[in-house]
Every structure is written in C-alpha cells, then in structure tokens.
Amino acid sequence: MTHFKDISCGELRAADIDRTIRIAGWVDRRRDHGGVIFIDLRDSKGIIQVVVSPENSAAYNIAQRVRAEWVLGLEGIVKSRTDETKNPDLPTGEIEFIPTHINVLNEAETPPFSLHEPGEVDESLRLQYRYLDLRRPDAMQVLRLRHAVVSYIRNFFSEKDFIEVETPTLIRSTPEGARDFLVPSRLQPGEFFALPQSPQILKELLMVAGTERYFQIARCYRDEDFRANRVAEHTQLDMEMAFVDESDVMALVEELYIEIATRFGGGKKISEVPFPRLDYADCIERYGTDRPDLRFGLEFSDVGMIFKGSEFKVFSSALENNGQIKAICVKGQSGMARRAIDSLVEVARSAGAGGLVNIGFSETGEIRSPVSRFLSDQELTLLKEKTGATNGDMLFLAAGSHEIVSETLALVREELAVRLDLRDPEIFAFAWVTGFPLLEWKVEENRWDATHNPFSGFFEDEENSLEKDPSGVRARQYDLVLNGEEIGGGSIRINKRSDLLRVLKLMGHTESEINKRFGVLLQALDYGAPPMGGVGAGIDRLIMQLIGTSNIRDVIAFPKASSGSDPLMDAPSPVAAEQLKELGLQLDPELGSN
RNA sequence: GGCCCUGUGGUGUAGCGGUUAACAUGCCACCCUGUCAAGGUGGAGAUCGGCGGUUCGAAUCCGCUCAGGGUCGCCA
C-alpha cells in the first residue's frame, strides 16, 4: 500500500491470519502486564491489538518505552486469538498482531486532553488542538461523511449534465444583505474587494453566458455574529439552471435530498415523500415560523372569535387592538407541574408576550387555570371545539399582535417539544415553503426591502401589482426546511431588466445607485438572459442534520470559535506596519497595539 | 452592542466565608505473562481565569475585566 504499511490496522480480519505484513499507526492504549505488553494501534480505519512478549527482546524493549500517541511502524505476523481472548466488541477482535520489529517513527507528548472521552472537554481547548481532537475516530468519521456527501452531490449533478464552475472569492462589495468581509487592494490602494456572501450574481451571469446547468460547492462569507448553527464562512451547494420553472428546480433538489437522506442518513426515515409544500402565510398561521419543525404537531388554533367581548380583559383588549389570540393544545398534559408552566411563561415573556395563559381540562372535566373565573362555560366549550382539546389536555394561549403571538407560540411550541421529547430523532421532516411576500416594509429604514434577495422573480396580477400593493406580491421563492432548520432556498430569477429595475426602485434605490451596485447584472439581462432559477443550500447544516448535532463546529474541520477568532491558528492577528503601508491603511490609534 | 451561563491540578468535576482545597481520570515509579477503560502499591501535580474591593479571614461575597458557550439585535 505504502512504504510503511501494507494494510490499515482497522481493516485486518481473520482472512489475514499468518500473513507477514507491515502496519503503522498511533498508540491508542498500552497495557503492560509485566510480561506481555498489549498495544492498541490505531489508524484512520480502526484499531488492532499488538502483542509483544519478552521473547522478542528487541521489540519488547521498545514496547516498554512506548507511550500513548507515539507513532509506530511494525513488521510482523497476523495471528488468530485463542477463543478465550477474542474480543467481540472489536471488528478486529478475532485476531492480533505479533510484531517481529517495532520502529518508532515518532514519539509524542501526552495529549492535553483524553482522546477517548473528549465530549466533555472544553471546546476551546479542543479547537486549539484540533489536530488531536480530530484523531478521535468519531470526529474523523464526520469528515468522512461530509466528503462522501459532497462527492455524491458532485456526481449527482455531473451525471445530470451540470458542470461545476468556480467563481472568484475576491469580488465587489455590495451593500445589500449581510456585512461583507473586506480585503484591501494593494494595486488600487484605498479600494477593497469583498468575499462573496454567495455567488448569486455570478451564477446568473453564467446563465446569461449559456451554461444552462451550473453547480458549485462554494464557500460563502458573512461578517455577522455567530450562532450555534451559523459561522462566518460556510459551504453552500450553489446551483442554477436555465429554461426552468419552480417545479423543475424543486423536483431535482428534492430528488437529491431524498438520495442523500437515504444513503447517508444512518437509517433514519424521511417523514413524507414527496416533500410537503407549505404556503408561507399558512405556515405562520399554524407554526408561527417559516421554518417549522414538522417532526411533531402542536399546531396553533386561532381562538380569537371566541373571546370577542370576553370578560378577560387581556383577551378582549388584544382583539380590540386588532391583535389575535391563538392556542396550542398539548395532549394529556392537564396535570403539568406548576414549575414547568411557570418556566413556559418565562419563555413567552422572553419573546415579548405579556404572558401565557394555561387552561387545563382535568380527566374529570374540571378547569384548572389561573384565569378560570374570567372564562364562561360557553367560551370553554367553544375552546375545546376549536382546539380539539378533550379532558386531560392542556391549552396554552397567547394574545397580542400577530407578530408577537406567532413568535411567542413558536418558541413555546419548540420548548414543549424539547421538554416532552416530541422530536423523533429517527426522522427527517423535509418541507418546501413557498408563497413568500416579495417585499417587506422596513420600518426603521422607511422603505421596502426584499425578503430574500432582490433578484427573485414574482407573481403579480392587476390588484397585486408592484406599484399598487407591493405587500400583496408573492416571490417565486422556495425554501427547503429540514427538522426546523432552513437548509436551502432559491427562486426563479428576474430575467428582464425592466422588472429588476421596478423592484430596485421600489426598494428606494436611485438610478445611479442601482447602476453602481447592480449595473453588471442589469446590463447582462439586456443581452438575452434566459428564464432561470436555482438554489443555494447549506452543506454544513445538512451534515449537522445527518449526524444529529446542534453544533455547527462539529461538522467543520477547523472551525472558528463563536467570537469569530480561530483558536488553532490564533487568527485574526496584527500585521506588520510594512504590510499596512503597502495597502495604504492606517489603524485607528484608539484600537491600541494589541 | 444587550442579556444569560461557565471558568478550581494536564483533563472532568466537588467544595460556596475559617478545609493539610476533595474525588475521578491522566501522568511518573515499582509490582504483575492474556488484557482489551487491565489490575495492585506508591508519588508528583492547583497561589481556585485576571485585577481591585468587603472582611480578623475570600476558591467562596461585591465590582471591573479577560476567555469560552448560548441567545436577542444582526444574518438580502
């Protein structure tokens, strides 16, 4: 196989018995019995037990010195273990390796943390020594899975006549969207490149160029604060097709994700095929979010009608202020502990709600609620009817503006799912969400803004035209949701210059701004841009779902800490004054010299 | 930028106003020829993230600060 090894440690099997071979790897564990010494030798494929007895004094002397994580090259014979000493827990447990020669390829310091149970080790320490952290077989396994998925994606599109085209990582800054990472230009001092937030414009230009079917595994950069599922640089499956409509793109993407979930999902089941299509407005009504976790129910019911003129002022006044009242029905939880209810109220308050009303219907039909004295029998009867609650169930109600109610109950719904363990870990719940409004009103900026990106196509008719009622125009946008995470999104693009201009003007851009920022695309659209659409889909989040982690750093070889710094390379770092001078940059003296 | 949580031998934790700062694991030495998280005996190893304050006395209480994690803002 190579100069140092004929076969991987982890691949040795009974079929190799009596072979004389070379193996190499790291010392996983060493067990010294005074006489015989056992060394578990680990490589990328697994572990093999090496047995060194005093009879081979040269090897034995070395084996006595050996410590954890030393790098060894061995020459020897594969032997069958006796029946009593076989280890059924190990894939290589039927055999062991008897070395004739041990070659110490490198010694090693004792690692700063155990490589055997590092789940509990401080993450920043693990990141600082990421090259050791990745030695853990399950960490390396994630990288292997990621590779397999990406390579499957590449094959999938290649076989469907797509070509992968690389696009530049030094591009022009556009003030739309997230904050750009900037790279100063030496040749044009005082000017900057931006790292792409996605190859959006470039892939549209590729469509104008006649590529027709393009994809790319593309790195995307956004200089915003981190979250558990968000980092500054992420990898995206970027795809674009010409001469398509929504159904073409969605069908292809759906086919891909079904294949990936089936092949790489570790036996988990896809809850519904074809993926359910949800309308945006409907989604907000039922789940309070545009990326609902469909692994469990707990849908909202609108119970506003019941409380018109109710004695309970919180409810009646919410309605008078044009708000709404919605309920979640939790089956069999009428006896929920007071503490659990209180903490749900806290969750609701954190979302901006005044509170959260709980109404329990006990098994014997009694009402348990802090507001029971305000509720009439008729209201309670109607509540049961509307929410489907029966004796034994618990209702949670929130009242207020549409926005507050949605956000509040969405949080409460998630929290209930966690506490009641409603999320089946063996399920992939995919869904498409469509029917997004094209534009949303930005109160602070006093203008319309694109809900996704300004290049998204739109549906309009006479009543709902851009100029008459922008809020009524739907985008030709589709988002792919998996287990409550947005894992992809795309649209059929605007391919006519005049339409793009209409949208950009509505968004409050002046002609000259438009030309400066979007001039290239506008011009290109004028040169015969075909109908086109595609998706951008997050690879990191997909892998997270496949392995079932909520920490995005688990699926990245060398991730940044959530502060945005790199504990391994100790980046970012100050640079020499020379470098700054070449770039024509001067630092704000108030930043100090650290 | 706001809020919440965490910081004690190498690692993971306990201790929460007076302790020789405890335990596990790792490390080192010795014993041990069939273990596979080997076992046994012994040993080294922490000024309790940093600075300041309160107190007769601070790992413990308070303030500031640093680092990490989460979250809101932000993320077309």
Side-chain angles (χ1 to χ4, degrees), chain A residues 28-42 47-55 60 63-64 67-69 79 81-90 92-93 96 98 109-129 132-133 174-180 197-198 200-201 220-232 234 346-347 350-352 407 411 436 438-440 442 444-445 448-456 475 477 486 489 491 503-504 507 517-518 536 538 550-553 560-565 567 594:
Chain A
D28 195 64
R29 282 197 162 95
R30 174 177 162 280
R31 292 177 294 280
D32 185 346
H33 283 247
V36 65
I37 296 174
F38 299 98
I39 294 172
D40 290 339
L41 197 69
R42 181 191 71 238
I47 286 176
I48 180 75
Q49 171 165 281
V50 175
V51 185
V52 188
S53 51
E55 286 82 72
Y60 188 75
Q64 280 186 311
R67 289 295 180 271
E69 300 307 319
K79 289 286 184 195
R81 297 199 196 183
T82 62
D83 282 345
E84 318 80 74
T85 61
K86 283 179 179 164
N87 184 348
D89 298 332
L90 227 55
T92 60
E96 57 195 13
I98 316 295
E109 293 287 320
T110 302
F113 52 86
S114 163
L115 302 188
H116 295 105
E117 56 219 86
E120 292 157 15
V121 176
D122 180 63
E123 198 184 2
S124 64
L125 188 72
R126 282 169 46 205
L127 293 184
Q128 192 185 336
Y129 292 93
L132 295 180
D133 194 33
T174 58
E176 294 295 313
R179 196 179 291 114
D180 279 327
Q197 293 177 29
S198 83
Q200 184 65 38
I201 292 181
C220 304
Y221 306 86
R222 291 173 189 181
D223 189 6
E224 298 290 350
D225 287 5
F226 288 41
R227 286 290 185 282
N229 64 359
R230 220 166 74 192
V231 277
H234 74 280
E346 277 312 304
V347 167
S350 74
E407 285 176 17
L411 268 182
F436 292 88
L438 180 71
L439 298 165
E440 61 188 350
K442 285 245 167 143
E444 324 84 64
E445 300 170 39
W448 292 98
D449 196 14
T451 50
H452 281 84
N453 73 48
F455 316 119
S456 190
Q477 169 81 26
E486 184 194 328
S491 65
V503 173
L504 291 173
M507 287 168 49
R517 296 179 189 179
F518 307 108
S550 58
N551 184 350
I552 197 168
R553 293 178 292 274
K560 307 269 184 291
S562 86
S563 58
S565 59
N594 49 333

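The sequence lines fix the lettering, A, B, ..., with proteins before strands; numbering per chain opens at 1. All values below come from the heavy atoms of this structure, side chains included, with hydrogens, waters and symmetry mates left out.
- Here Pro454(A) lies in heavy-atom contact (under 4.0 Å) with a base.
- Regarding contacts with the backbone of G34(B), every side-chain N or O of Arg31(A) stays at 4.0 angstrom or more from both OP1 and OP2.
- At a threshold of 4.0 angstrom between heavy atoms, the contacts of Lys86(A) include nucleobase atoms, whether or not backbone atoms are also involved.
- The listed nucleotides are U33(B), U35(B), U11(B); the one nearest the side chain of Glu55(A) is U33(B).
- Among the heavy atoms of the strands lying under 4.0 Å from Ser563(A) are primed sugar atoms or P, OP1, OP2 only; no base atom is included.
- When the nucleotides G34(B), G69(B), U11(B) are ranked by their closest atom to the side chain of Phe38(A), G34(B) comes out on top.
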Could you pull out the protein-nucleic contacts involving nucleotides 21-29 of chain B (nitrogen or oxygen on both sides, under 3.5 Å)?
| from | atom 1 | to | atom 2 | distance (Å) |
| --- | --- | --- | --- | --- |
| C28(B) | OP1 | Arg67(A) | NE | 2.8 |
| A29(B) | OP2 | Arg67(A) | NH2 | 3.2 |

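- If you check every strand for non-hydrogen atoms under 4.0 Å, Glu346(A) touches nothing.
- G43(B) and C23(B) have their P atoms separated by 12 Å, with the value rounded to a whole Å.
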Protein N or O to nucleotides 41-47 of chain B N or O, pairs below 3.5 Å:
none

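- Checking C36(B), A38(B), C75(B) against the side-chain heavy atoms of Arg29(A) singles out A38(B) as nearest.
- In this structure, Glu84(A) reaches neither bases nor backbone, as no heavy-atom distance under 4.0 Å exists between it and the strands shown.
- In this structure, the aromatic ring of Phe113(A) is not positioned over the six-membered ring of the base of U11(B) within 5.5 Å between centres and 30° between planes.
- Within 4.0 Å of Ser491(A), counting heavy atoms only, lies no atom of the nucleic acid at all.
- Partners of Glu123(A) by side chain to side chain donor-acceptor pair (under 3.5 Å), not counting sequence neighbours, listed by chain and number: Asn551(A), Arg553(A).
- Residue Arg227(A) has a polar side-chain atom (N or O) positioned under 4.0 Å from OP1 or OP2 of C72(B).
- At the heavy-atom level, Arg553(A) lies under 4.0 Å from the strands shown only through sugar-phosphate atoms.
- Comparing the P positions of G9(B) and G50(B) gives a spacing of 10 Å, expressed to the nearest Å.
- Contact annotation for Gln128(A): no contact, since no heavy-atom pair falls under 4.0 Å across all strands.
- If you check every strand for non-hydrogen atoms under 4.0 Å, Ile47(A) touches nothing.
- Look at the P atom in both G10(B) and A46(B): the space between them is 7 Å, to the nearest Å.
- The gap from the C1' atom of U20(B) to that of A59(B) amounts to 16 Å, rounded to the nearest Å.
- Within the 4.0 angstrom heavy-atom criterion, base atoms lie near Ser198(A).
- If you check every strand for non-hydrogen atoms under 4.0 Å, Ser53(A) touches nothing.
- Between the P atom of A37(B) and the CG atom of Leu90(A) lies a distance of 9 Å, rounded to the nearest Å.
- Asp449(A) comes within contact range of the sugar-phosphate backbone alone, with a heavy-atom separation under 4.0 Å but no base atom that close.
- Remark: ring of His33(A) stacked against base of A38(B); centroid gap under 5.5 Å, plane tilt under 30°.
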